[in-house]
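Have a look at the structure below, then the notes.
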Amino acid sequence: MKALGIDIGGSAVKGALVDLETGRLVAERIRTATPVSLSPAKMAAAIADIARQFKWSGPIGVGFPGVIYGKKILTAANLHPGFSGIDGASLFAKAAKCPVTLINDAAAAATAEMRFGAGAGFTGKTLLLTLGTGVGSAIGYHGVVVPCEFGHLPLRGRSAEKRVAASVRKARNLTWKDWGRRLTEYLAILELMVWPELIIIGGGVSAKHRKFFPFVKTRARMVPAAFLNEAGIVGAALAAAGAAPGPRPARRK
Ligand code: BGC
């Protein structure tokens with residue numbers, strides 16, 4: 001059993017075929033850089049192109065960096081504003097000529113990590129954060145994954161992600177120590193509200209966890225995502241196979 005997992009990010013769209021029994025990528029992933037913020041139609045074309053390159057006509061799961069509300073995309077903080085309010089699953093399904101399931105990108109990453117990765121076998125309350133262009137969040141508990149929007153928690157007067165995203169560290173040239181301090185302040189608030197027993201840190205920067213974990217103090221045990229930046233692809237593929245919560249896939253027309 002395989003499915004195509006696609007992860008839409010702030011700077012690239014990545015896709016790979018995923019073995020649903022093991023969570024492993026079946027073939028090397030395809031990455032399409034999206035330097036400018038792509039319109040929904042162009043994003044749909046990029047997704048269709050990845051499906052075509054894999055000669056894929058089966059189910060596709062798409063991890064999207066925004067709120068998925070029923071069949072609609074409600075927000076897209078770091079993407080083209082045209083995504084707000086559209087039925088993204090139907091748009092992508094029509095372009096790729098495959099059934100498409102949409103899932104929030106952080107919920108996709110959490111699905112993969114709780115099934116096969118850093119949270120595998122752990123049923124206690126788990127907070128997963130993805131640190132990238134923005135900050136994604138989800139809670140895992142007894143096999144259920146709940147998408148959250150903690151990246152938009154007000155912190156010092158603005159959305160937390162404007163202070164603690166990995167993109168902010170780069171843009172502001174923050175030292176690992178200074179960024180670690182910011183993350184400590186942010187995570188202290190999240191810990192007060194969520195009381196996670198385990199914190200999983202995902203996103204591209206999770207590969208560099210040794211550089212900043214020493215500067216982040218949390219009550220809960222904090223670990224890097226086992227799939228590093230590929231958790232989103234794997235979780236999106238699992239969602240396509242009905243392994244994650246979300247609306248039923250939009251059928252191709
Ligand atoms: C979005 C989230 C998303 C996160 C990471 C935030 O700006 O609101 O839905 O999970 O970025 O991509």
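Just so you know, ligand 1 is whichever comes first in the structure, and atom 1 is the first atom listed for that ligand. When reading the values below, keep in mind they use all heavy atoms of this one structure, side chains included, and skip hydrogens, waters and symmetry mates.
- Inclusion of E149 in the set of residues having an N or O under 3.5 Å from an N or O of ligand 1 is warranted.
- Side-chain contact between D105 and I8 is absent, with no heavy-atom pair separated by less than 4.5 Å.
- Side chain of E113 to backbone of L128: no donor-acceptor contact under 3.5 angstrom is found.
- Under the 4.0 angstrom criterion for non-hydrogen atoms, G132 is not in contact with ligand 1.
- Taking a cut-off of under 4.0 Å to the non-hydrogen atoms of N78, the atoms of ligand 1 that pass are 7 (O).
- Of all protein heavy atoms, the one closest to atom 11 (O) of ligand 1 is E161 OE1, 3.6 Å.
- The distance criterion of under 3.5 Å between nitrogen or oxygen atoms is met by G66 with respect to ligand 1.
- Atom NZ of K55 is separated from atom CD of Q53 by 9.0 Å, given to the nearest 0.5 angstrom.
- Both W179 and L153 are assigned to one and the same hydrophobic cluster, defined by single-linkage of ILVMFWY side chains at heavy-atom distances under 4.5 Å.
- Interface atoms of ligand 1 facing G136, defined by a heavy-atom separation under 4.0 Å, are 4 (C), 5 (C), 10 (O).
- T184 contributes a side-chain N or O that, together with a main-chain N or O of F215, makes up a donor-acceptor pair within less than 3.5 Å.
- The atoms of ligand 1 that sit less than 4.0 Å from any heavy atom of A77 are 7 (O).
- Following chains of ILVMFWY side-chain contacts shorter than 4.5 Å, one cannot reach V223 starting from W176, and the two form parts of different hydrophobic clusters.
- Polar contact with ligand 1: present for D105 (N/O pair, distance under 3.5 Å).
- At a heavy-atom cutoff of 4.0 Å, ligand 1 is contacted by the backbone of V135 but not by its side chain.
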Start with the C-alpha distance between R29 and D7, add both sets of side-chain angles, then the distance that settles side-chain contact (heavy atoms from CB on, under 4.5 Å), and finish with yes or no.
CA-CA 11 Å; R29 67 171 200 186; D7 186 25; over 6 Å; no

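- Looking at H152 next to ligand 1, an N or O pair under 3.5 Å apart turns up.
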